[in-house]
Asks: 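This structure is in structure tokens; I'll ask about it shortly.
For the numbers below, each heavy atom of this structure counts, side chains included, while hydrogens, waters and symmetry mates do not. Below, read A as the first sequence line, B as the second, and so on, with proteins coming before strands; counting in each chain starts at 1.
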Amino acid sequence: MNGVFCIMLLLGVMAAAATGQADAAQRALLSGGGEAVALCLELAGAYAFFGGMLSVMRESGFTDALAAALRRPLMRLFHFRLGEERALSDISVNIAANMLGMGGAATPAGLSAMRTMADAGVRDGRASPAMILFLAINTSSVQLLPTTMIALRAQAGAANPADIVLPTLLSTAASTVCAVVLCRVCERISARGGGA
Amino acid sequence: MASFLLPAMLTVCVLGGLHARVDVYQAFMRGAKEGLTTLAELLPVLASILMATALLRETGVLAALADAMAPAMRALGLPGECAGVVLLRPFSGSAALGAVKDAMDTLGADSRAARLCCVICGASETVLFTGSLYFGAAGIKKGRYAIPAALAAYLCGVLAAGALVQ
């Protein structure tokens, strides 16, 4: 991210120098951050609402129930090596929390799952198929309700801020299915090739 | 129709809380505090990224980038204005968030490109950040096909979004 940020800044300054727009560059630098402050103030209500609702769900045992329901299908989805199956409960909690958009609860469980799978035996730092599949599912996003986007759209004055929910759900499902299929295919190819 | 979604979810949530004998008010406040803390932590990141995005926008770099990528994006059925979001999303969630906000402010929140940006951003994760975090914590040095597969899955989600949002 360091590289991306520095490139953005240097590119902007060079473009300003090349086209003689020093005024525009200075204006952007001084007021750009102000947009963020205004944005955060306007998002505050929505964040409090979603945080509060999710917390009530968590304390009512909804997350635990979802994690328990996910255990069996996940056991079938993952091809665990011996010892890796001990990570199953952390994986269930991670995916349940991610579905509900609780990133704060998902990350510790996810890291713990990764460490448990690594403890089951890692040869010269190579990720196992189950670890890769777990990462791919995590990076394909399984969130059921895009809370931040709804809040952002409400702030931008969208006619119906929640109108993106269904396409988002379908598109995230497409990417998750694609991630699982790709991992399976790569797993098979690398197993046949003696583990490239 | 979709406006009923949040009130309906809230109703289920409150009734579920009462059924489980949870102090709904206290639980809600704890969560609200968590949400606001997250937002406060997001502020410095957003301030830096929105400043950098504003710089790129005001100096015309963003428009040039979108123009350069437009043919490739159009071939995939996506408007060129989504280029920034598509490029930034795998690197940084808040950078993509800044780009989405920018798209909504300049194109209108209900334009196809802006809605598409929202769907792309909401349906994906920071692939590269999550990858280095998770594998780093487990001491994995060779991720093998993990990142290519994850990026391909992301692209698949982007294409699905392009087909779904009209």
Asks: Which pair of non-hydrogen atoms, one from B:A114 and one from B:A103, has the smallest distance, and what is that distance?
Replies: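 That would be CB-O, 4.3 Å.
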
Asks: With rounding to the nearest 0.5 Å, note down the distance linking CD1 in B:I140 to OH in B:Y134.
Replies: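 Those atoms lie 14.5 Å apart.
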
Asks: Quick one: pull up CE in A:M117 and CD1 in A:I132 and give me the separation to the nearest 0.5 Å.
Replies: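 Result: 10.5 Å between the selected atoms.
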
Asks: Just to be sure I understand the criterion: a residue of residues 54-65 of chain A counts if one of its heavy atoms is under 4.5 Å from a heavy atom of chain B. Which ones qualify?
Replies: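 Only A:S55, A:V56, A:M57, A:R58, A:E59, A:S60 of residues 54-65 of chain A have a heavy atom under 4.5 Å from chain B.
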
Asks: Just give me the residue among A:A159, A:P146, A:S140, A:A46 that pairs up with chain B most often, heavy atom to heavy atom, under 4.5 Å.
Replies: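 Of the options given, most contacts go to A:A159.
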
Asks: Which region of B:V119, side chain (C-beta onward) or backbone (N, CA, C, O), has a non-hydrogen atom less than 4.5 Å from a non-hydrogen atom of chain A, or is it both or neither?
Replies: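 Both the backbone and the side chain of B:V119 come within 4.5 Å of chain A.
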
Asks: Sequence neighbours excluded, which residues qualify as salt bridge (charged side-chain N to carboxylate O under 4.0 Å, His left out) partners of B:R89?
Replies: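 Salt bridge (charged side-chain N to carboxylate O under 4.0 Å, His left out) list for B:R89, sorted by chain: empty.
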
Asks: Out of A:R153, A:E187, A:Q155, A:R115, return the one with the most heavy atom pairs under 4.5 angstrom to chain B.
Replies: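 Of A:R153, A:E187, A:Q155, A:R115, A:R153 has the most heavy-atom pairs under 4.5 Å with chain B.
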
Asks: Using non-hydrogen atoms and a 4.5 Å limit, figure out which bit of B:L133 sits close to chain A: side chain, backbone, both or neither.
Replies: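 Both parts, heavy atoms under 4.5 Å.
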
Asks: Between A:D124 and chain B, with a heavy-atom cut-off of 4.5 Å, which part of the residue counts as in contact: side chain, backbone, both or neither?
Replies: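 For A:D124, heavy atoms of backbone and side chain both lie under 4.5 Å from chain B.
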
Asks: Only one of B:C117, B:S124, B:C118 passes side-chain contact (heavy atoms from CB on, under 4.5 Å) with B:V85; say which it is.
Replies: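 That would be B:C117.
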
Asks: Counting only heavy atoms not in A:R188 (residues, nucleotides, ligands), do more than 12 fall under 6.0 Å from its CZ?
Replies: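 Not more than 12 within 6.0 Å, no.
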
Asks: State, to 0.1 Å, how close A:A127 and B:G143 come at their nearest heavy-atom pair, and which atoms those are.
Replies: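 The pair with the smallest heavy-atom distance is CB-CA, 4.3 Å.
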
Asks: What residue, out of B:T126, B:L56, B:L116, has the most heavy-atom pairs lying under 4.5 Å from chain A?
Replies: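 Going by pairs under 4.5 Å, I would pick B:L56.
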
Asks: Taking all non-hydrogen atoms of both residues, which atom of A:R71 and which atom of A:S92 are closest, and how far apart?
Replies: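 So the minimum-distance heavy-atom pair works out to CG-OG, 3.5 Å.
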
Asks: Only pairs of heavy atoms separated by less than 4.5 Å count here; which of A:C183, A:G34, A:A173 has the most with chain B?
Replies: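 Going by pairs under 4.5 Å, I would pick A:C183.
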
Asks: Given that the side chain runs from C-beta out, which part of B:L97 has a heavy atom under 4.5 Å from chain A: side chain, backbone, both or neither?
Replies: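 Answer is both: backbone and side chain atoms of B:L97 are under 4.5 Å from chain A.
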
Asks: Taking side chain as everything from C-beta outward and backbone as N, CA, C, O, which of these in A:V181 sits under 4.5 Å from a heavy atom of chain B? Side chain, backbone, both or neither.
Replies: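 Contact with chain B is absent: no heavy atom of A:V181 under 4.5 Å.
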
Asks: Checking heavy atoms, do the side chain of B:Y25, its backbone, both or neither come under 4.5 Å from chain A?
Replies: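 Neither part; nothing is under 4.5 Å.
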
Asks: Got a sec, which residues hit salt bridge (charged side-chain N to carboxylate O under 4.0 Å, His left out) with B:D105, two or more places apart in sequence or on another chain?
Replies: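 Here the qualifying residues are B:K101.
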
Asks: Contact part of A:P161 toward chain B, heavy-atom cut-off under 4.5 Å: side chain, backbone, both or neither?
Replies: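 Contact with chain B: none, neither part.
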
Asks: Answer with side chain, backbone, both or neither: which region of B:V24 has an atom nearer than 4.5 Å to a non-hydrogen atom of chain A?
Replies: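 Contact with chain A is through both the backbone and side chain of B:V24.
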
Asks: Evaluate side chain to side chain contact (heavy atoms under 4.5 Å, CB included) for B:L10 paired with A:F49, printing each intermediate quantity in order.
Replies: CA-CA 10 Å; B:L10 183 67; A:F49 168 74; 4.0 Å; yes

Asks: Of the backbone (N, CA, C, O) and the side chain (C-beta and beyond), which part of B:S48 lies under 4.5 Å from a heavy atom of chain A, both, or neither?
Replies: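 B:S48 touches chain A through backbone and side-chain heavy atoms alike.
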
Asks: Of the listed residues (A:Q26, A:M14, A:R27, A:M53), which shares the most heavy-atom pairs with chain B below a 4.5 Å separation?
Replies: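 Ranked by contacts with chain B, first place is A:M53.
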
Asks: Less than 4.5 Å to any heavy atom of chain B: does that hold for the side chain of A:S31, its backbone, both, or neither?
Replies: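 It is neither, since no heavy atom gets under 4.5 Å.
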
Asks: Can you run down the salt bridge (Lys or Arg N to Asp or Glu O under 4.0 Å) pairs that involve residues 83-107 of chain A, sequence neighbours left out, and say none if there aren't any?
Replies: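 Listed once each, the pairs would be none.
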
Asks: Counting only non-hydrogen atoms closer than 4.5 Å, does B:M104 touch chain A with its backbone (N, CA, C, O), its side chain (CB onward), both, or neither?
Replies: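 Answer is side chain: those atoms of B:M104 sit under 4.5 Å from chain A.
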
Asks: With a 4.5 angstrom heavy-atom cut-off, could you sort out which part of B:A20 is near chain A: side chain, backbone, both or neither?
Replies: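 For B:A20, side-chain heavy atoms alone lie under 4.5 Å from chain A.
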
Asks: Need one label for B:V61: side chain, backbone, both or neither, based on atoms under 4.5 Å from any heavy atom in chain A.
Replies: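 The side chain, not the backbone.
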
Asks: Could you tell me which of B:R21, B:M9, B:M29, B:H19 has the largest number of non-hydrogen atom pairs under 4.5 Å with chain A?
Replies: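 Most pairs with chain A among the choices: B:M9.
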
Asks: Given the options B:G131, B:G136, B:G139, which has more heavy-atom pairs under 4.5 Å with chain A than any of the others?
Replies: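 When all of B:G131, B:G136, B:G139 are compared, B:G131 has the most.
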
Asks: A:V37 versus chain B, heavy atoms under 4.5 Å apart: side chain, backbone, both or neither?
Replies: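 Contact with chain B is through both the backbone and side chain of A:V37.
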
Asks: Locate the shortest heavy-atom distance separating A:A174 from B:A160; write the atom from each residue and the value.
Replies: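 Smallest interatomic distance, heavy atoms only, reads CB-CB, 3.8 Å.
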
Asks: So which atom in A:T176 and which in A:S141 form the shortest heavy-atom distance, rounded to 0.1 Å?
Replies: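 Closest approach of A:T176 to A:S141: OG1-O, 3.4 Å.
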
Asks: Side chain, backbone, both or neither: which part of A:M131 has a heavy atom under 4.5 Å from chain B?
Replies: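 Contact with chain B involves both backbone and side-chain atoms of A:M131.
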
Asks: Is it the backbone or the side chain of A:L133 that comes under 4.5 Å from a heavy atom of chain B, or both, or neither?
Replies: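 Neither part.
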
Asks: Just so I know, are the side chains of B:K33 and B:R30 near enough to count as touching, which here means a heavy-atom distance under 4.5 Å?
Replies: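 No, side chains not in contact.
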
Asks: Do we see a donor-acceptor contact under 3.5 Å between the side chains of A:Q21 and A:T19?
Replies: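 A:T19 and A:Q21 do have a side-chain donor-acceptor pair below 3.5 Å.
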
Asks: Which one, A:G52, A:A25, A:C40, leads in non-hydrogen pairs under 4.5 Å with chain B?
Replies: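 Most heavy-atom pairs within the cutoff with chain B belong to A:G52.
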
Asks: Check the hydrophobic clustering (I, L, V, M, F, W, Y; side-chain heavy atoms under 4.5 Å; chains of links allowed) and say if A:I7 and B:L87 are grouped together.
Replies: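 No; tracing contacts between hydrophobic side chains, which count when under 4.5 Å, never links both residues.
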
Asks: Quick one: which of A:S128, A:G45, A:A15, A:A48 has the most heavy-atom pairs under 4.5 Å with chain B, could you say?
Replies: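 Most heavy-atom pairs under 4.5 Å with chain B: A:A48.
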
Asks: Under 4.5 Å from any heavy atom of chain B, what part of A:L145 do you find: side chain, backbone, both or neither?
Replies: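 The side chain, not the backbone.
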
Asks: Under the side chain to side chain contact (heavy atoms under 4.5 Å, CB included) criterion, do A:T139 and B:Y154 qualify, and how do the steps go?
Replies: CA-CA 8 Å; A:T139 54; B:Y154 165 64; over 6 Å; no

Asks: Would you say the side chain of B:D110 lies within less than 4.5 Å of the side chain of A:D163, judging by non-hydrogen atoms?
Replies: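 Of all side-chain heavy-atom pairs linking B:D110 with A:D163, at least one is under 4.5 Å.
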
Asks: Please look at A:D23 and chain B and tell me whether the side chain, the backbone, both or neither of the residue comes under 4.5 angstrom of a heavy atom of that chain.
Replies: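 Contact with chain B is absent: no heavy atom of A:D23 under 4.5 Å.
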
Asks: Mind checking the CD1-CZ spacing from A:I91 to A:F134? Nearest 0.5 Å is all I need.
Replies: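 If we round to the nearest 0.5 Å, A:I91:CD1 and A:F134:CZ are 5.0 Å apart.
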
